[in-house]
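Below: the structure, in structure tokens.
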Amino acid sequence: MTSIKEQAAISRLLSFLQDWDNAGKVARSHILNTFIETNQGKTAPELEQEFSQGASLFLVRLTTWLRLIYMTGSCLDKLLKSIGIFLSAVSSNQYLIEFLEVGGVLTLLEILGLEKIKEEDKKESIRLLQVIANSGRKYKELICESYGVRSIAEFLAKSKSEETQEEVQILLDSLVHGNPKYQNQVYKGLIALLPCASPKAQQLSLQTLRTAQSIVGTTHPSIVDCVLKVLRTMHLEVQYEAIELIKDLVNYDVCQALLKGLVALLIPSVKETSKLQPKILNDSAVLQLTANLPVFLQQAAAAKAIGVLARSNTSIAEEMLHLRVVHNLMAAMGNTDHSNSQRQASLTLEYFVQMFPVVEEHVRRSMGEELYELFLSNAEDLYMKIDSIQADILAANKVNVSKALSISGVSYSNMSFYLGPCGEDQLAYTTYFQKEGSEGKE
């Protein structure tokens with residue numbers, strides 16, 4: 001037989017549940033407020049004591065109401081926080097199972113894709129998914145099996161709140177750890193985020209990709225193209241993370257493709273630059289806009305990345321000599337449409353000149369004594385001191401250090417890259433700058 005005290009507790013519980021069942025939206029909102037204030041941080045045993053061993057009876061009512069109203073967004077924040085008290089409580093495994101059995105994960109993922117739902121409510125949904133993911137491997141697998149990676153990644157790309165996006169990053173980081181069955185799915189989802197329009201999402205994806213890459217071990221073929229395209233960003237924090245990822249990727253099997261891609265970016269394709277020429281010649285306003293043209297931002301970032309890689313690893317610097325990096329850096333220094341491209345290329349070329357005597361010899365010969373002395377005196381500010389003729393000399397340079405190395409028989413480590421002649425795009429690019437320079441002199 002139950003004691004009088006136990007009977008009183010059960011009576012209170014039944015009265016509370018009846019009040020909930022009979023309450024409207026406003027009254028339920030007040031009940032949730034009181035519940036959150038009095039039960040935040042409690043353990044599962046404490047919640048059971050509070051509800052006379054019937055806490056699950058209240059949880060099932062919360063989850064049922066969630067399924068009914070989540071599309072409208074009414075009281076959603078309080079409802080999700082109340083469910084979170086149950087799921088995050090110490091020793092709450094039974095509550096977690098009960099929530100998942102009624103489709104809790106699918107509901108939380110659906111909330112992320114609803115346009116009418118407030119950002120704050122979606123953030124609360126992400127936090128609940130974090131709690132579920134942190135509960136163990138099988139729960140991470142359940143989220144992934146529910147097409148969670150796609151829903152979460154899409155939400156990260158569309159979210160307007162940086163605070164919410166950081167919560168999403170925590171969730172994705174959790175899903176890639178201790179989840180061998182689906183870690184590749186998370187890895188591919190992060191790569192798919194790189195072209196998105198949100199700079200914060202790009203930054204966070206690049207950060208998490210570095211972790212994911214070390215866990216997965218092998219690289220996806222699309223990662224090189226995706227990360228090189230990110231270099232078109234005008235956001236320095238995104239560029240920084242992209243270069244940090246590139247520094248990691250040179251230790252994998254995509255190193256050769258990555259280095260070739262970076263060197264090629266120093267001379268934008270004729271397709272990218274030729275469409276600017278009529279506008280540049282005819283419209284002074286457009287001329288100013290070209291300073292932020294993505295292809296030139298990418299050119300400057302590539303020059304910077306090459307410098308970072310070369311300084312960190314001499315063997316990589318040697319390999320890039322065979323990719324005609326010196327020729328391409330000098331061509332970038334002649335790009336008078338984008339001063340940062342000139343500056344970054346000049347700083348990187350300075351390192352190659354200091355490190356390799358053969359580079360110093362070819363650069364001096366190509367530049368001529370006057371321009372070379374200007375370069376040596378202050379490489380960083382060279383772009384402010386050269387005239388249009390000197391810019392043309394740089395843009396149209398014929399330096400071929402790789403050919404000289406091959407003829408002389410000089411051998412550096414790991415020199416296994418194919419060296420092709422200067423392509424049509426390079427010739428068209430240098431011709432374009434020569435023409436522009438000559439017209440400027442007229």
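Surrounding OH of Tyr252 are more than 12 heavy atoms belonging to other residues, nucleotides or ligands, all under 6.0 Å away. The neighbour count for Glu237 CD, taken as heavy atoms of other residues, nucleotides or ligands under 6.0 Å away, is above 12.
Donor-acceptor pairing under 3.5 Å is lacking for the side chains of Gln169 and Gln165. For the residue pair Asn134 / Ser174, a side-chain donor-acceptor distance below 3.5 Å is found, with atom types taken as modelled. Of the N and O atoms on the side chains of Asp248 and Gln213, not one donor lies less than 3.5 Å from an acceptor on the other residue. At a cut-off of 3.5 Å, with distance as the only test, a side-chain donor of Asn397 or His327 sits close to an acceptor on the other residue. Residues Lys122 and Ser159 have side chains that never bring a donor and an acceptor to within less than 3.5 angstrom of each other.
Among residues two or more places apart in sequence or in another chain, the side chain to side chain donor-acceptor pair (under 3.5 Å) test is passed with Glu145 by Tyr182. Applying the side chain to side chain contact (heavy atoms under 4.5 Å, CB included) rule to Ser82 yields the partners Leu32, Phe35, Ile36, Leu62; only residues at least two apart in sequence or on another chain are considered. Every residue was checked against the ring pair (Phe, Tyr, Trp, His ring centres under 6.0 Å) condition with Tyr187, not counting sequence neighbours, and none meets it. The salt bridge (charged side-chain N to carboxylate O under 4.0 Å, His left out) search around Arg12 returns none, not counting sequence neighbours. Evaluation of the side chain to side chain contact (heavy atoms under 4.5 Å, CB included) rule for Val60 yields Thr63, Thr64 as partners, not counting sequence neighbours. For Glu119, the salt bridge (charged side-chain N to carboxylate O under 4.0 Å, His left out) criterion is met by no residue, not counting sequence neighbours. Legend: residues meeting salt bridge (charged side-chain N to carboxylate O under 4.0 Å, His left out) with Lys304, ordered by chain and number and at least two apart, are absent. Here Gln203 pairs with nothing under the side chain to side chain donor-acceptor pair (under 3.5 Å) rule; sequence neighbours left out. With sequence neighbours excluded, the residues that form a side chain to side chain donor-acceptor pair (under 3.5 Å) with Glu360 are Arg364, Tyr372. Judged as a side chain to side chain donor-acceptor pair (under 3.5 Å), and not counting sequence neighbours, Asn184 has no contacts.
Here the side chain of Ser198 pairs a donor or acceptor atom with the backbone of Ala201 at under 3.5 angstrom. For Thr233 (side chain) and Val230 (main-chain N/O), no donor-acceptor pair under 3.5 Å exists by modelled atom type. With Gln298 contributing its side chain and Leu228 its backbone, the two residues share a donor-acceptor pair below 3.5 Å. In this structure, the side chain of Ser341 engages the main chain of Phe296 through a donor-acceptor pair within 3.5 Å. No donor-acceptor pair closer than 3.5 Å links the side chain of Arg61 to the backbone N or O of Asp21. Of the possible polar contacts, none joining the Arg28 side chain to the Gly24 backbone as a donor-acceptor pair under 3.5 Å is found.
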Derivation of the side-chain hydrogen bond (donor to acceptor under 3.5 Å, both in side chains) call for Lys123 and Ser161: CA-CA 9 Å; Lys123 182 169 71 173; Ser161 164; 5.7 Å; no
CA sep, side-chain torsions, deciding dist, call: Leu194, Gln202, side chain to side chain contact (heavy atoms under 4.5 Å, CB included): CA-CA 5 Å; Leu194 295 184; Gln202 287 181 311; 5.5 Å; no
Please determine whether side-chain hydrogen bond (donor to acceptor under 3.5 Å, both in side chains) holds for the pair Glu98 and Ser56, giving the CA-CA distance in whole Å, both sets of side-chain angles, and the decisive distance to 0.1 Å. CA-CA 8 Å; Glu98 291 170 2; Ser56 291; 2.9 Å; yes
One pair to check against side-chain hydrogen bond (donor to acceptor under 3.5 Å, both in side chains): His220 and Ser222. What are the steps and the verdict? CA-CA 6 Å; His220 191 274; Ser222 67; 2.8 Å; yes
For the pair Thr336 and Gln342, evaluate side chain to side chain contact (heavy atoms under 4.5 Å, CB included) and give the outcome as yes or no after the intermediate values. CA-CA 7 Å; Thr336 54; Gln342 294 178 290; 4.0 Å; yes
Does the pair Gln299 and Asn335 meet the rule for a side-chain hydrogen bond (donor to acceptor under 3.5 Å, both in side chains), with working shown? CA-CA 10 Å; Gln299 181 188 45; Asn335 179 7; 2.7 Å; yes
CA sep, side-chain torsions, deciding dist, call: Val295, Leu265, side chain to side chain contact (heavy atoms under 4.5 Å, CB included): CA-CA 8 Å; Val295 69; Leu265 291 178; over 6 Å; no
Take Thr43 and Leu47, measure what side chain to side chain contact (heavy atoms under 4.5 Å, CB included) needs, and give me the verdict at the end. CA-CA 6 Å; Thr43 64; Leu47 287 171; over 6 Å; no
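Here the shortest heavy-atom pairing between Ile10 and Ser52 reads N-OG, 4.1 Å. Ile152 approaches Leu171 most closely through the heavy-atom pair CD1-CD2, 3.5 Å. Gly54 approaches Glu48 most closely through the heavy-atom pair N-OE1, 3.5 Å. Closest non-hydrogen pair, Leu206 versus Ala242, comes out as CD1-N, 3.7 Å. A pairwise comparison of heavy atoms in Arg324 and Ser402 identifies CG-OG, 3.8 Å as the closest pair.
Residues Met330 and Leu349 have side chains in contact (heavy-atom distance under 4.5 Å, counting atoms from C-beta outward). Within the 4.5 Å cutoff, the side chain of Leu76 has heavy atoms near those of the Ile117 side chain. Using a 4.5 Å heavy-atom cutoff, the side chains of Leu100 and Tyr139 are in contact. No side-chain heavy atom of Val102 sits less than 4.5 Å from a side-chain heavy atom of Leu66. Using a 4.5 Å heavy-atom threshold, the side chains of Ile143 and Lys140 count as separate. Ser125 has its side chain within reach of Leu112: a pair of non-hydrogen atoms, C-beta onward, lies under 4.5 Å apart. Looking only at side-chain heavy atoms (C-beta outward), Asn328 and Ile306 stay at 4.5 Å or farther from each other. Asn93 has its side chain out of reach of Ser135: every pair of non-hydrogen atoms, C-beta onward, lies at least 4.5 Å apart.
With respect to Glu166 and Lys200, a salt bridge is recorded, a charged nitrogen being found less than 4.0 Å from a carboxylate O. At a threshold of 4.0 Å, the pair Lys138-Glu141 does not count as salt-bridged, since none of the basic side-chain nitrogens sits closer than that to a carboxylate oxygen. By the 4.0 Å N-to-carboxylate-O rule, Asp77 lies too far from Lys118 to be salt-bridged with it. Salt-bridge formation is detected for the pair Lys229/Asp225: a Lys NZ or Arg NE/NH1/NH2 atom is positioned less than 4.0 Å from an Asp or Glu carboxylate oxygen.
Residue pairs meeting the salt bridge (Lys or Arg N to Asp or Glu O under 4.0 Å) criterion with at least one member in residues 100-115: none, sequence neighbours excluded. Evaluation of the ring pair (Phe, Tyr, Trp, His ring centres under 6.0 Å) test over residues 105-132, restricted to residues two or more places apart or in two chains, returns none.
Under the 6.0 Å cut-off for aromatic ring centres, Phe86 and Phe99 do not qualify, their centroids lying 6.0 Å or more apart.
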